[in-house]
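Since the structure comes first, as structure tokens, the remarks are kept for the end.
Small disclaimer: the values here were computed from a predicted structure and weren't measured. In listed order, ligands and their atoms are each counted from 1.
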Amino acid sequence: MSDAITTTKTGFHIDRIVLREIRLKLREPFRISSGVMAERRIALLQLHDASGASAWSECVAFQLPIYTSETIDGAWIAIREWLAPRVLGQTFDSPAAIHGVLDKNIRGHHMAKAAVEMGCWGLAATVNGSSLSALLGGTRDRVPTGISLGIQPERALLVERALAAVAAGYRKIKIKIQPNQDVAYVRAVREALGDRVGIMADANSAYTLDDIEHLAQLDAFDLIMLEQPLGDDDLVRHATLQRRMTTRICLDESITSVNRAEDMIALQSGRIINIKPGRVAGFTAAKAIHDIAQHAGMPVWCGGMLESGIGRAYNVALASLPNFSLPGDLSPSARYWERDIVSPEWTMDDDGMVHVPRNAAGIGVTVDLEMVDALTVRIEELRP
Ligand code: OSB
Ligand code: MG
């Protein structure tokens, strides 16, 4: 095994892909400004090569188009009909080649593309005996973790959650906000927590420029950042808002590609980027955005999509790159699920750090196939 880990080849061949949907109940419903989720419908891929090696990946699209336009059902069709056929039966020298293969003349469908593209990174790591983090160029073996707290019906409940999160060791507290549950909620958390830990807010596009003076009130709370206050595709108005606020704006939904990240930097639409590999069509674009931001002196951090332990493995590997300098939304398995589908489950130490599995080949966790089979509601085998 240790011999394999030192191998530097990155080639792989994709024989077949098993596409399935599982349903996994969240321990409690998660509410953002655009909707609420109580259960995750998750598309999982298992990519197989001829030697019998395989790697799992996860499509992060939600059931409903409340975050971006993608949905699990649309992604299912995109993967089966257009994306998987481009890689099945093919040999590739490097997973870095996959992004272009999937992107050519297929618009959008980033989360579907990412599921295939990242699975190829996972397969390359597995076949070639490298950890996903090392294959990607990650440098750290522990990454700091923040928690994203959904919108609560009352301020007191939010404060209670925030205090518990700080006690658990989290390095950053992110508060979901929406009109009428914003300034007073943030103030309550800041008063309860003092300056023990960084606080931020995420609006998931709930505001318009008509709210500019209202949003500027958030400047009073010394937030690390305000995430995606305006439209998901709106870089120009975010620049106007950023000029009016001292709080740094972080873009999430708006950054769908390397070009959008360049545009954000050029237009000064914000000062921080939340990178979710699913949103940008996979690791190749995620790493390119990381590199561009690093060059521009702009911090990035790794967002989350309420992933299972499979998606989390990819996020943790990504977050081990050097410019992921702010804590990611990388909560441990137990924050989301009664039981995760991987072992070991993802955990966080008392210092709020997640350990990057850099000593194992592949994604670093083992999938509990019995559990996944029991949760599967549909399955298709894709062949060349
Ligand atoms: O905007 O980052 C977001 C969850 C669902 C939809 C959008 C977002 C989120 C989160 C959760 O903030 C992050 C996590 O996985 O813990
Ligand atoms: Mg967000």
Side-chain angles (χ1 to χ4, degrees), residues 24 26-42 58-72 110-111 143-152 158 161-162 165 168 170-178 182 199-207 223-234 238 248-256 264 270 272-280 286 300-316 318-319 326-337 340 346-348 352 354:
L24 207 51
L26 285 157
R27 285 178 74 164
E28 58 178 31
F30 191 83
R31 181 178 294 279
I32 67 174
S33 63
S34 52
V36 61
M37 273 167 278
E39 182 190 59
R40 284 290 273 118
R41 290 177 54 197
I42 301 174
E58 171 167 351
C59 178
V60 299
F62 295 131
Q63 175 172 357
L64 297 172
I66 60 171
Y67 167 73
T68 66
S69 63
E70 283 189 89
T71 61
I72 178 175
H110 287 188
M111 295 174 189
V143 293
T145 304
I147 191 169
S148 175
L149 296 170
I151 296 171
Q152 304 292 322
L158 177 64
R161 296 294 161 92
Y170 281 105
R171 298 289 192 102
K172 184 186 80 180
I173 308 294
K174 165 164 141 181
I175 305 164
K176 291 288 188 180
I177 59 168
Q178 63 183 2
D182 46 29
I199 300 172
M200 61 172 291
D202 183 2
N204 290 108
S205 297
Y207 299 89
L223 300 179
I224 327 174
M225 69 191 99
L226 170 61
E227 184 176 345
Q228 198 69 40
L230 307 178
D232 66 308
D233 56 356
D234 198 337
H238 275 112
R248 294 182 288 179
I249 289 175
C250 167
L251 294 183
D252 172 356
E253 284 90 326
S254 294
I255 306 304
T256 52
M264 170 193 180
I272 298 176
I273 302 177
N274 167 337
I275 300 182
K276 295 182 184 177
R279 197 188 61 233
V280 303
V300 303
W301 56 282
C302 184
M305 290 287 285
L306 311 174
E307 289 92 346
S308 80
I310 294 173
R312 194 115 325 226
Y314 287 87
N315 288 354
V316 168
L318 182 66
L326 293 162
D329 283 343
L330 301 165
S331 294
S333 300
R335 186 251 185 291
Y336 308 98
W337 324 111
D340 205 338
W346 292 96
T347 55
M348 174 178 87
V354 174

What short N/O contacts, under 3.5 Å, does ligand 1 make with the protein, listed by atom pair and distance?
residue	atom	partner	partner atom	Å
ligand 1	1 (O)	Lys176	NZ	2.9
ligand 1	1 (O)	Asp202	OD2	3.0
ligand 1	1 (O)	Asn204	ND2	2.8
ligand 1	1 (O)	Asp252	OD2	3.1
ligand 1	2 (O)	Lys174	NZ	3.1
ligand 1	2 (O)	Asp252	OD2	3.4
ligand 1	2 (O)	Lys276	NZ	2.9
ligand 1	12 (O)	Ser148	OG	2.8
ligand 1	12 (O)	Lys174	NZ	3.2
ligand 1	12 (O)	Lys176	NZ	3.2
ligand 1	15 (O)	Met305	N	3.4
ligand 1	15 (O)	Leu306	N	2.9
ligand 1	15 (O)	Tyr336	OH	3.3
ligand 1	16 (O)	Tyr336	OH	2.5

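Under a cut-off of 6.0 angstrom, the local environment of CZ in Arg31 is sparse, with at most 12 non-hydrogen atoms contributed by other residues, nucleotides or ligands.
In this view, Gln152 and Leu157, Leu158, Arg161 satisfy the side-chain contact (heavy atoms from CB on, under 4.5 Å) rule, not counting sequence neighbours. Under the rule for a side-chain hydrogen bond (donor to acceptor under 3.5 Å, both in side chains), the partners of Asp202 that lie at least two apart in sequence or sit in another chain are Lys174, Lys176. Taking the side-chain hydrogen bond (donor to acceptor under 3.5 Å, both in side chains) definition, one finds that Gln178 meets it with Gln181, sequence neighbours left out.
Residues Cys59 and Ile72 form no side-chain contact, since every pair of their non-hydrogen atoms from C-beta on lies 4.5 Å or further apart. You'll find the side chain of Met225 reaches within 4.5 Å of the side chain of Leu326, heavy atoms only.
The Mg ion (ligand 2) lies at 2.8 Å or more from every N, O or S atom belonging to Glu253. Residue contacts to the Mg ion (ligand 2): Asp252 brings an N, O or S atom closer than 2.8 Å.
A salt bridge links Arg279 to Asp252: one of the charged nitrogens lies within less than 4.0 Å of a carboxylate oxygen.
For the Mg ion (ligand 2), the nearest N, O or S atom contributed by Asp202 is named OD2. Residue-level check: among N/O/S atoms of Glu227, OE2 sits closest to the Mg ion (ligand 2).
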Side chain to side chain contact (heavy atoms under 4.5 Å, CB included) assessment of Ser254 paired with Asp234 | CA-CA 7 Å; Ser254 294; Asp234 198 337; 5.7 Å; no
